[in-house]
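Naming: A, B, ... by sequence-line order, numbering from 1 per chain.
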There are 2 protein chains.
Amino acid sequence: MSESLVDVDPRVRRSREAVLAASVAFFVAGGPRAVTVDAVSEASGVAKTTIYRHWRDRAHLLADTYRACLPVVPAPADSVSPETALRDVVRSLVHGMGQEPTRSALPHLIATPLDPVESAALPPDVLDQTFSPLVASIERAASAGVIPKRTDTMEAKHQLVGFIIMSAIDPTCAMNNSLADRVTELFLAGRQAQT
Amino acid sequence: MSESLVDVDPRVRRSREAVLAASVAFFVAGGPRAVTVDAVSEASGVAKTTIYRHWRDRAHLLADTYRACLPVVPAPADSVSPETALRDVVRSLVHGMGQEPTRSALPHLIATPLDPVESAALPPDVLDQTFSPLVASIERAASAGVIPKRTDTMEAKHQLVGFIIMSAIDPTCAMNNSLADRVTELFLAGRQAQT
DNA sequence: ACTGTATGCTACGCTACGGTAGCGTATTAC
DNA sequence: GTAATACGCTACCGTAGCGTAGCATACAGT
């Protein structure tokens with residue numbers, strides 16, 4: 001894939017989009033196990049043989065499906081204050097995790113990389129990359145003294161990411177800036193109380 | 001199952017234990033999809049036909065396997081202070097989540113109930129029950145004024161459970177009382193700073 | 001020792017799924 | 001209009017997995 005800029009032939013474009021959309025739907029509904037080529041073919045209206053003309057095998061289709069469910073988390077600008085940068089990243093994360101199909105796929109996004117079979121064609125730490133802007137913001141806050149300089153970065157990451165993910169998994173939870181800012185405030189208040 | 005108190009015949013006991021152990025191992029390694037009757041039969045040394053004499057079908061075996069991976073979280077005594085009760089529950093949760101096979105199975109424990117196929121024979125909210133002692137402790141802390149009385153219980157649950165689960169998923173993280181108490185302290189400090 | 005029962009084994013039928021080959025047809029780009 | 005290309009369709013093959021039947025054997029309780 002990734003030559004998606006100039007998809008000269010509209011037939012190709014149409015096939016790839018239909019297949020990926022159906023594949024994502026199955027992944028969201030039932031995890032990687034639910035993504036079968038036959039089912040995707042039938043649901044998308046694209047012939048099985050055509051699918052295999054675009055993806056070498058099921059593993060490659062699954063890899064693209066997985067990527068399509070990942071949220072996009074922009075890195076914050078260096079020009080803003082460390083507090084603002086952290087707050088913005090948390091807002092982006094909350095927003096990204098709240099968007100479909102990411103939100104419904106979240107449990108599968110976490111579990112799939114641990115499956116030795118289904119993770120075959122998956123880039124190894126693609127999920128970690130999603131959190132790298134957050135980690136950078138945490139480190140910047142620590143070195144600026146906004147939170148204790150001795151802060152364990154990974155621990156802080158677990159704290160923030162865990163809060164966000166659990167909220168996203170709860171379908172009754174509103175994933176908006178209000179929640180994001182509460183996450184940030186509770187985090188900063190707790191950390192700043194540390195001696 | 002659950003007549004496990006008096007397993008008169010040791011042959012029955014041996015078969016069930018061997019099958020369940022193998023099944024748990026596969027579940028941990030690859031999620032529900034990896035739990036196949038043929039594989040469990042071969043790995044456990046128990047004949048496939050014998051497995052079907054003890055479990056009606058694969059779904060029932062999977063349900064028992066799932067339950068076997070859940071941690072046991074005792075409810076705290078009413079006699080201790082709300083702070084102590086909360087700290088004890090968090091300690092129990094951290095300890096339980098850190099124990100194998102729970103720790104390695106965690107992502108699958110979260111994802112499996114969302115799979116419409118694999119969750120067929122699963123009790124619907126068995127995972128929520130694991131956190132009910134925590135929820136009770138949060139509510140008690142709120143009504144006692146240890147944390148603001150207007151605390152959103154579910155939000156606080158997401159905050160604590162998320163922190164613990166993300167820590168458990170990180171294999172480099174030590175799941176001990178030190179971590180548990182840090183989780184509790186960071187939680188209380190953040191909440192108590194709220195007006 | 002004897003009887004009931006749990007187990008092991010082989011073989012089987014069925015379905016779902018991954019992946020391929022060949023051919024005819026529709027659509028695109030020129 | 002014409003040639004290239006993408007597509008759909010049907011028919012396969014091989015494997016994995018679920019679940020069952022029938023029979024022989026080993027083991028438990030008395």
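Note that the CG atom of B:L20 and the OG atom of B:S15 stand 12.0 Å from one another [nearest 0.5 Å]. Rounded to the nearest 0.5 Å, atoms NE2 (A:H108) and CG (B:D115) are 6.0 Å apart.
In the hydrophobic clustering of this structure, B:L86 does not group with B:V135; members are Ile, Leu, Val, Met, Phe, Trp, Tyr whose side-chain heavy atoms approach within less than 4.5 Å, directly or through other members. Note on A:L114 and B:V24: separate hydrophobic clusters, where clusters join Ile, Leu, Val, Met, Phe, Trp and Tyr whose side-chain heavy atoms are under 4.5 Å apart, directly or indirectly. Under a hydrophobic clustering in which Ile, Leu, Val, Met, Phe, Trp and Tyr are joined whenever their side-chain heavy atoms come within less than 4.5 Å, directly or via other members, A:M97 and B:I110 fall into the same cluster. In the hydrophobic cluster analysis, where Ile, Leu, Val, Met, Phe, Trp and Tyr join through side-chain heavy atoms closer than 4.5 angstrom, B:V73 is grouped apart from B:M154.
For the pair A:W55 CH2 and C:dC17 P, the interatomic distance rounds to 19 Å; values are reported in whole Å. For the pair B:I51 CD1 and C:dA6 C1', the interatomic distance rounds to 14 Å; values are reported in whole Å. With rounding to whole Å, B:E42 atom CD is found 14 Å from C:dG8 atom P.
OP1 or OP2 of C:dT7 lies within a sub-4.0 Å distance of a side-chain N or O belonging to B:S15. The phosphate of D:dC7 (OP1 or OP2) has a side-chain N or O of A:H54 nearer than 4.0 angstrom.
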For B:E83 and B:R87: C-alpha separation, side-chain torsions, deciding distance, then whether salt bridge (Lys or Arg N to Asp or Glu O under 4.0 Å) applies. CA-CA 6 Å; B:E83 294 97 327; B:R87 196 197 58 192; over 6 Å; no

Can you list the steps and then say if B:E139 with B:K149 is a salt bridge (Lys or Arg N to Asp or Glu O under 4.0 Å)? CA-CA 9 Å; B:E139 285 172 344; B:K149 287 186 192 287; over 6 Å; no

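A salt bridge links A:E118 to A:R58: at least one charged side-chain nitrogen sits closer than 4.0 Å to a carboxylate oxygen. At a threshold of 4.0 Å, the pair B:R91-B:D88 does not count as salt-bridged, since none of the basic side-chain nitrogens sits closer than that to a carboxylate oxygen.
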Detail all sub-3.5 Å separations between protein N/O atoms and N/O atoms belonging to nucleotides 27-30 of chain D.
unit_1, atom_1, unit_2, atom_2, d
D:dC27, O2, B:R11, NH1, 3.1
D:dG29, OP1, B:V8, O, 3.3

Extract from the structure each pairing of a protein N or O with an N or O of nucleotides 13-20 of chain D at less than 3.5 Å, listing the distance.
unit_1, atom_1, unit_2, atom_2, d
D:dC18, OP1, B:R58, NE, 2.9
D:dC18, OP2, B:V37, N, 2.8
D:dG19, OP2, B:Y52, OH, 3.2
D:dG19, OP2, B:R58, N, 2.9
D:dG19, N7, B:K48, NZ, 3.1
D:dG19, O6, B:K48, NZ, 3.0

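In the helix from C:dA1-D:dT30 to C:dC30-D:dG1, the rotation axis of the first five pairs and that of the last five pairs differ in direction by 40°, rounded to 10 degrees.
Closest heavy-atom contact between B:S41 and B:A47: OG-C, 3.6 Å.
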